[in-house]
Amino acid sequence: MALAAYKDLCMDASDAHAQARFWAPLLGWDPHPHDDGDACLRAGEAVEVWVNQVPEPVTAKNRVHIDVNAQALEPIVAAGATVLDSTSFAWTLMRDPDGQEFCVFLRPEGRPAGLYELGWDVTGDARAAHELAIWWGDLLGVEAVEDERGFSYIEDVPATPFESIAFAPVPEPKTAKNRIHLDVTTDDLDALMAAGATRLQAKGEDDIGWHVMSDPVGNEFCAFTPV
């Protein structure tokens with residue numbers, strides 16, 4: 001049984017309004033700037049991504065990044081992205097105007113443009129990546145799959161606008177707050193913490209309406225509870 005349900009994505013940005021304008025056409029959603037400096041991306045009335053204004057700039061490679069399907073790179077570059085590597089992989093590594101890495105999979109035919117998956121770096125080896133995939137799979141009620149290419153993934157998570165989350169081993173440690181994180185809902189925060197989550201900030205502190213949490217290896221996420 002799932003301990004939580006997917007709610008939406010959150011993205012930090014130095015300029016939330018500009019970040020929302022960049023990502024909206026790439027993901028196929030509508031940008032909505034807020035008077036407080038934040039923004040969101042909506043599909044109709046549903047919020048898919050919250051874009052939060054933060055004072056700190058990008059200081060490290062994204063631990064969680066967005067992978068997108070696209071038909072061409074030129075419109076993405078024209079919108080302000082930078083190509084970092086277009087030859088080493090089956091995808092193109094890019095940087096958005098805020099300095100955050102993302103990957104573009106060119107799909108000239110057969111697959112719609114938009115959000116494809118989330119890529120998630122895990123410090124350690126393939127076993128460490130698989131263990132974190134298992135943890136998040138148990139949390140969200142799906143099974144983790146260990147791929148023979150050295151990474152693990154979970155897919156078909158209910159209510160997500162992406163196909164999967166791929167957990168890949170990396171040598172470098174986590175050094176900064178993740179600029180992209182998941183929001184989830186749960187009816188049992190105690191069970192979530194018993195499973196290995198840590199509460200970093202309680203609902204109500206500083207007037208926030210959710211609990212700030214971290215997974216067993218320190219990745220931040222937010223848990224929304226009924227009370």
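Only heavy atoms go into these numbers, but all of them, side chains included; no hydrogens, no water, no symmetry mates. Heads up: numbering here begins at 1 and tracks the sequence.
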Q: Identify the two heavy atoms, one from D98 and one from D96, that lie closest to each other, and give their separation to 0.1 Å.
A: N-OD1, 2.8 Å

Q: Are W135 and F167 close enough that their ring centers fall under 6.0 Å?
A: no

Q: Distance from I154 atom CD1 to I134 atom CD1, nearest 0.5 Å?
A: 11.0 Å

Q: Give me the atom names and distance for the closest heavy-atom approach of P31 to A20.
A: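 Result for this residue pair: CB-O, 3.8 Å.
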
Q: Any side-chain heavy atom of T82 within less than 4.5 Å of one from M94?
A: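 No. Closest side-chain heavy atoms not under 4.5 Å.
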
Q: Compare all side-chain heavy atoms of L132 with those of D215 and state whether any distance is below 4.5 angstrom.
A: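 A side-chain contact under 4.5 Å exists here.
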
Q: To the nearest 0.5 Å, how far apart are CG in L93 and CG in L84?
A: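 Reported value, rounded in 0.5 Å steps: 4.5 Å.
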
Q: Carefully, step by step, assess D147 and R149 under the rule salt bridge (Lys or Arg N to Asp or Glu O under 4.0 Å).
A: CA-CA 5 Å; D147 193 280; R149 290 168 290 180; 2.8 Å; yes

Q: Return the CG to CG distance between L41 and L27, rounded to the nearest 0.5 Å.
A: 6.5 Å

Q: If you group Ile, Leu, Val, Met, Phe, Trp and Tyr by side-chain heavy-atom gaps below 4.5 Å, do W50 and F102 land in one group?
A: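 They do not share one cluster, since no chain of ILVMFWY contacts under 4.5 Å joins W50 to F102.
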
Q: Heavy atoms only: give me the nearest S152-A129 pair and the separation to one decimal.
A: CB-O, 4.3 Å

Q: Can you list the residues that meet the salt bridge (Lys or Arg N to Asp or Glu O under 4.0 Å) rule with D12, with sequence neighbours excluded?
A: K177

Q: State the SG-CG distance between C103 and L118, to the nearest 0.5 angstrom.
A: 11.5 Å

Q: How long is the span from the CG atom in L189 to the CE atom in M193, to the nearest 0.5 Å?
A: 4.5 Å

Q: For the residue pair F89 and W91, does the interplanar ring angle fall in the parallel (under 30°), tilted (30 to 60°) or perpendicular (over 60°) class?
A: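 Aromatic pair F89/W91 classed parallel.
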
Q: Evaluate the salt bridge (Lys or Arg N to Asp or Glu O under 4.0 Å) criterion for residues K174 and E220: first the C-alpha distance (whole Å), next the side-chain angles of each, then the deciding distance (0.1 Å), finally the verdict.
A: CA-CA 11 Å; K174 184 178 186 294; E220 302 85 2; 2.9 Å; yes

Q: Measure the shortest side-chain to side-chain distance between V49 and I180 over non-hydrogen atoms and say whether it is less than 4.5 angstrom.
A: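 SC-SC contact between V49 and I180 ruled out.
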
Q: Quick check, are the ring centers of W29 and W23 under 6.0 angstrom apart?
A: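 No.
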
Q: Check for a donor-acceptor pair, side chain of E101 on one end and backbone N or O of N62 on the other, with a separation under 3.5 Å.
A: yes

Q: Applying a strict under-4.5 Å side-chain criterion to I, L, V, M, F, W and Y, I'd like to know whether I208 and V54 cluster together.
A: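 Each belongs to a different hydrophobic cluster.
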
Q: Would a distance-only check, ignoring hydrogens and angles, find a side-chain to backbone donor-acceptor pair under 3.5 Å from D190 to L192?
A: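 Not at all, since once roles are kept as given, no pair shorter than 3.5 Å links the two residues.
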
Q: Show, in sequence, the C-alpha distance, side-chain angles and deciding distance for E117 and E155, and conclude whether the side-chain contact (heavy atoms from CB on, under 4.5 Å) test is met.
A: CA-CA 9 Å; E117 66 180 3; E155 61 184 353; over 6 Å; no

Q: Look only at the side chain of H17 and the backbone of H34, and say whether a donor-acceptor pair between them is shorter than 3.5 Å.
A: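 Such a contact is found between H17 side chain and H34 backbone.
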
Q: Can you name the closest pair of heavy atoms from F224 and G209 and give their distance?
A: CD2-O, 4.0 Å

Q: A side-chain contact here means heavy atoms from C-beta on lying under 4.5 Å apart; do V145 and H130 qualify?
A: no

Q: Does the side-chain contact (heavy atoms from CB on, under 4.5 Å) test come out yes or no for L115 and L26, once each step is laid out?
A: CA-CA 8 Å; L115 180 54; L26 195 54; over 6 Å; no

Q: Of all heavy-atom pairs between A13 and V51, which one has the smallest distance, and what is that distance?
A: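 For A13 and V51, the tightest heavy-atom pair comes out as CB-CG1, 4.1 Å.
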
Q: With side chains defined as the heavy atoms from C-beta onward, is the minimum distance between R199 and V212 less than 4.5 Å?
A: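 Not touching, per the 4.5 Å side-chain cut-off.
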
Q: For D188, does its backbone N or O pair with a side-chain atom of T186 as donor and acceptor, under 3.5 Å?
A: yes

Q: Heavy-atom distance under 4.5 Å between the side chains of F22 and I76, does that happen here?
A: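 Sidechains of I76 and F22: in contact.
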
Q: Is there a donor-acceptor pair under 3.5 Å between the side chain of N178 and the backbone N or O of H181?
A: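 No; judged by distance alone, with no hydrogens or angles, the pair does not exist.
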
Q: Give, for atom CG of N52 and atom SG of C10, the distance between the pair rounded to the nearest 0.5 Å.
A: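 So the CG of N52 and the SG of C10 are separated by 5.0 Å.
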
Q: Between T185 and K7, is there a donor-acceptor pair closer than 3.5 Å when you use the side chain of the first and the backbone of the second?
A: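 No.
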
Q: Is there a donor-acceptor contact under 3.5 Å from the side chain of Q53 to the main chain of A16?
A: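 Judged by distance alone, yes, a pair lies under 3.5 Å.
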
Q: Could you walk me through whether Y153 and W136 satisfy the ring-ring contact (aromatic ring centres under 6.0 Å, His included) test, starting with their C-alpha distance in whole Å, then the side-chain angles of each, then the deciding distance to 0.1 Å, before giving a yes or no?
A: CA-CA 10 Å; Y153 61 90; W136 276 98; over 10 Å; no

Q: Locate the shortest heavy-atom distance separating P97 from A79; write the atom from each residue and the value.
A: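 In terms of heavy atoms, the two residues are closest at CG-O, 4.3 Å.
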
Q: Can V122 be reached from F151 by stepping across I, L, V, M, F, W or Y side chains whose heavy atoms are under 4.5 Å apart?
A: no

Q: Could you check whether any side-chain heavy atom of V104 comes within less than 4.5 Å of a side-chain heavy atom of L73, counting everything from C-beta outward?
A: yes

Q: What verdict does the side-chain hydrogen bond (donor to acceptor under 3.5 Å, both in side chains) test give for Q201 and D206, after you've listed the backbone C-alpha separation in whole Å, the side-chain angles of each residue and the deciding distance to 0.1 Å?
A: CA-CA 9 Å; Q201 187 176 11; D206 297 328; 3.0 Å; yes

Q: Please assess D183 against L9 for the test side-chain contact (heavy atoms from CB on, under 4.5 Å), listing each intermediate value before the final yes or no.
A: CA-CA 6 Å; D183 287 343; L9 280 178; over 6 Å; no

Q: Donor-acceptor pair, N69 side chain versus Y116 backbone, under 3.5 Å?
A: no

Q: Do H211 side-chain atoms and A202 backbone N/O form a donor-acceptor pair below 3.5 Å?
A: no

Q: Only pairs at least two apart or in different chains count here, so list each salt bridge (charged side-chain N to carboxylate O under 4.0 Å, His left out) that has a residue in residues 58-74.
A: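 Sorted pair list: K61-D121, K61-E172.
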
Q: Could you go step by step and tell me if M213 and L200 meet the side-chain contact (heavy atoms from CB on, under 4.5 Å) rule?
A: CA-CA 5 Å; M213 313 291 292; L200 305 177; 5.9 Å; no

